Amino acid sequence: MKTCEKDKTTFPPASDILEKKDDLCPVDWALKIADLASAESCGKCLMCREGSLQIRTILTDLVSGRGESDDLELIADLCSVINETASCDQIRDAVSLIELSLNSCREEWESHLRRKRCAALQCAAYVTIAVSPETCQGCGACVEVCPENALAGGEGLIHIIDSGKCTRCLACIDACSFEAIAKYGAVLPKVPAEPVPVGTFTVETGRRRRRRG
């Protein structure tokens, strides 16, 4: 068996997938491996060069909401063919890890494909960033760091995020010292339709609470 002349790439350990950590997305994990394999390919082996590129393209679609019905079977077939025909140990190691992810975490892969959901909230296409109206103190720190001007709200107002503008860069989450901003999946918190004074929005009803006096 021939090996690639380039230095061998160190891929993430299989234990990452076997331990099934809550904050690890098995599909995104597989994509990172495919990215490494594609970037480090010497280009001499057809299956190493073209096979890794095809797998990477399919995985990119899966984490971006563009997956097609036969993608999982196609990835499995590509991994099998590469393992049998590739002349490079590096790509064989990569597809073995991708196969491990697919076989060990099939439910999560299916969820990305069929339900367009990422339980680990790592795939930006399946994540919504929202401000908790109960926690927001209207400090404005998130508004200042947003590169897309996706946040609205002045001092003392509960801030809101325009999902259409938000690119999920997470800068607002890092900037909020009150931990009022978070990633959400299918279930979103109730938020006001427009910035309202802090303490005037009732989450239970989704309505603004009237102030007395």
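Just so it is clear, the model here is predicted, and its values are computed rather than measured.
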Let's go through V27 and S101 carefully: what are the C-alpha distance in whole Å and the side-chain angles of both, what is the deciding distance for side chain to side chain contact (heavy atoms under 4.5 Å, CB included) to 0.1 Å, and is it a yes or a no? CA-CA 7 Å; V27 185; S101 176; 6.0 Å; no
Heavy atoms of C25 and C123 approach each other most closely as SG-SG, 3.7 Å
Below 4.5 Å, heavy atoms only, C-beta onward: do V131 and V191 meet side chain to side chain? no
Considering only heavy atoms from C-beta outward, does the side chain of L100 approach that of L18 to under 4.5 Å? yes
Can you establish whether the number of heavy atoms outside E50 located under 6.0 Å from its atom CD is more than 12? yes
State whether the number of non-hydrogen atoms from other residues, nucleotides or ligands found under 6.0 Å of E19 atom CD is greater than 12. yes
Could you walk me through whether R106 and E73 satisfy the salt bridge (Lys or Arg N to Asp or Glu O under 4.0 Å) test, starting with their C-alpha distance in whole Å, then the side-chain angles of each, then the deciding distance to 0.1 Å, before giving a yes or no? CA-CA 11 Å; R106 183 80 182 201; E73 288 70 25; 3.1 Å; yes
Is Y126 reachable from L72 through a run of hydrophobic residues whose side-chain heavy atoms are each under 4.5 Å from the next? no
Looking only at heavy atoms, what is the nearest atom pair of V145 and A171, with distance? CG2-O, 3.7 Å
Any side-chain heavy atom of K190 sitting closer than 4.5 Å to one from T202? no
Taking every heavy atom of I82 against every heavy atom of S52, the minimum-distance pair comes out as CD1-N, 4.2 Å
Return the minimal non-hydrogen interatomic distance between L188 and G185, and the atom names on each side. CD2-O, 3.6 Å
Between L59 and W109, which heavy-atom pair has the shortest distance, and what is it? CD2-CH2, 3.4 Å
